[in-house]
Number of protein chains: 2
Amino acid sequence: MRQNPARRAALLDAAIEVLAREGARGLTFRAVDVEAKVPNGTASNYFSNRDDLLTQVGHRFYERLEPDPGLLAAAAEGPRDRDRVTELMHDLVARISGFPSGYLALLELRLEATRRPELRRLLTERIRADIQANIDYHTKSGLPGDATTVIALYLALNWLIVERLTLPDVFPESEIHRLVTDVVERILPGPRRDT
Amino acid sequence: MRQNPARRAALLDAAIEVLAREGARGLTFRAVDVEAKVPNGTASNYFSNRDDLLTQVGHRFYERLEPDPGLLAAAAEGPRDRDRVTELMHDLVARISGFPSGYLALLELRLEATRRPELRRLLTERIRADIQANIDYHTKSGLPGDATTVIALYLALNWLIVERLTLPDVFPESEIHRLVTDVVERILPGPRRDT
DNA sequence: TTTGCACCACTTCAAGCGTAGTACTACGCC
DNA sequence: GGCGTAGTACTACGCTTGAAGTGGTGCAAA
């Protein structure tokens with residue numbers, strides 16, 4: 001079991017790519033080696049088994065997600081109205097849709113979590129924290145809507161992204177902007193703007 | 001390539017179970033044989049390759065979903081107000097949560113569709129039709145809300161089910177009923193009932 | 001009698017895993 | 001300043017496992 005943290009991180013990043021591109025079926029130690037461009041057997045030296053690998057991928061995934069300081073600050077600016085929320089949601093959808101591999105890998109991890117208690121615990125904890133952070137941010141910053149509003153947005157947008165990433169033609173690219181706008185409008189409280 | 005349709009259907013049903021329980025990684029011809037309790041090699045005789053198997057699973061899945069005539073009739077009864085919609089949504093969530101294997105298998109298929117054009121075409125078509133049917137039913141039956149409302153409900157409830165089936169402790173069972181109620185209330189138009 | 005399927009057994013194949021063995025690098029110690 | 005040691009990278013190999021597919025036999029129905 002090797003220690004080199006940089007190399008370990010590189011292997012985990014490679015694993016995320018493999019997971020997104022080839023699916024859980026294609027995620028093998030060898031495939032990770034190839035993706036990370038390291039010699040065969042390297043992944044074997046860093047992870048004791050498949051379970052270990054997947055759990056560490058989960059950790060790594062959220063480790064990479066952390067750095068959002070500048071973005072959070074930027075989001076704190078501007079008005080506090082419904083249009084602002086809509087704008088933020090558009091940003092969110094665009095950002096995730098623009099880097100599909102991370103999100104697809106997370107979906108694969110979710111399905112794996114069905115069979116792996118440790119992975120399930122990890123993901124549950126991180127996602128609860130994520131939702132709670134969203135709620136806190138939203139309510140504290142004075143944006144319209146309460147905790148339930150945030151959850152409803154979370155639910156709807158997550159599935160919209162799934163739909164975009166797995167079956168892009170169900171909601172074609174050209175209709176997404178309008179669709180996000182409309183859905184967010186439906187979920188937010190208060191009177192709607194005439195558009 | 002054998003013809004016996006009953007046996008083929010039984011194999012596909014077995015494949016759905018395997019897909020849900022073991023994931024895409026565990027879906028092998030042999031595993032299908034075992035699950036369907038037929039001799040080894042049988043699946044080989046019915047499906048030319050993995051791609052063929054997955055595509056046929058997709059077909060079979062929707063073939064099994066069709067028979068909803070009595071249910072649709074029952075849904076057509078009763079009032080046409082917001083509470084009625086909430087009730088219908090509760091039924092929906094409960095029904096799907098009660099038979100996880102079908103939905104989990106469909107999620108696996110979605111991820112596979114990322115890499116399999118034919119499967120992607122099939123799923124896209126069926127899901128578009130499904131959404132459209134929901135919209136048509138909803139609007140024609142005079143329930144509150146327009147097409148966008150239905151889509152918003154579709155998005156939110158789908159992800160809620162994902163959350164329940166993959167990481168059940170993120171939204172614990174005990175809170176689901178209240179959560180569904182609240183989210184549906186947020187999405188439906190018009191004044192809210194005081195609860 | 002012929003055709004198609006069920007069943008079983010066996011061969012073949014390939015992928016992947018883990019590790020033994022070797023070489024390199026850096027660091028600390030004498 | 002030379003040397004030993006520890007940790008790591010790299011290469012290659014052997015082994016295990018698992019799966020796929022196919023040929024052959026028996027059977028049943030048309």
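Just so it is clear, the values below take in all heavy atoms, side chains as well, and ignore hydrogens, waters and symmetry mates. Within every chain, numbering begins at 1; the chains are lettered A, B, ... in the order of the sequence lines, protein sequences first and strands thereafter.
Applying a 4.0 Å cut-off to non-hydrogen atoms, the residues of residues 34-42 of chain B that approach DNA chain C are B:Pro39, B:Asn40, listed by residue number. Residues from residues 50-57 of chain A that place a heavy atom under 4.0 Å from any atom of DNA chain D: there are none. Shown for residues 5-26 of chain A: residues whose heavy atoms fall under 4.0 angstrom of DNA chain D, namely A:Arg7.
In terms of position on DNA chain C, the residue among B:Asn4 and A:Phe47 whose nearest nucleotide sits closer to the 5' end is B:Asn4.
No donor-acceptor contact under 3.5 angstrom links the side chains of A:Tyr137 and A:Gln132, judged on distance only. Judged purely by distance below 3.5 Å, without hydrogens or angles, the side chains of A:Tyr62 and A:Glu125 never pair a donor atom with an acceptor atom. In this model, no donor atom of one side chain and acceptor atom of the other lie less than 3.5 Å apart for B:Thr86 and B:Asp83. Between the side chains of A:Arg8 and A:Gln3, not a single donor N or O lies within less than 3.5 Å of an accepting N or O. Side-chain contact of A:Asp146 with A:Thr149: a donor-acceptor pair under 3.5 Å is present, judged by distance alone.
Whole-Å rounding puts the B:Asn45 CG to D:dG21 P distance at 10 Å.
Using a 4.0 Å heavy-atom criterion, one finds that B:Thr28 contacts the sugar-phosphate atoms exclusively. Residue B:Tyr46 is in sugar-phosphate contact alone, with no base atom involved, counting any heavy-atom pair closer than 4.0 Å across all strands shown.
When DNA chain C is scanned in the 5' to 3' direction for atoms under 4.0 Å from non-hydrogen atoms of chain A, the outermost contacting nucleotides are C:dG16 to C:dT19.
Partners of A:Arg126 according to the salt bridge (charged side-chain N to carboxylate O under 4.0 Å, His left out) rule, which considers only residues two or more places apart in sequence or in another chain, are A:Glu66. Evaluation of the ring pair (Phe, Tyr, Trp, His ring centres under 6.0 Å) rule for A:His90 yields A:His177 as partners, not counting sequence neighbours.
Inter-residue side-chain proximity for A:Phe47 and A:Gln56 is flagged as met; some heavy-atom pair is nearer than 4.5 Å. Under the 4.5 Å side-chain criterion, counting only non-hydrogen atoms from C-beta, A:Ile131 is in contact with B:Phe171.
Once rounded to the nearest 0.5 Å, the distance linking CG of A:Leu107 with CD1 of A:Ile161 reads 10.0 Å.
One N or O on the side chain of B:Thr124 and one on the backbone of B:Arg120 form a donor-acceptor pair closer than 3.5 Å. Not one N or O on the side chain of B:Arg121 forms a donor-acceptor pair closer than 3.5 Å with the backbone of B:Arg116.
In the hydrophobic clustering of ILVMFWY residues, with side-chain heavy atoms under 4.5 Å counting as a link, A:Ile127 and A:Leu65 come out together.
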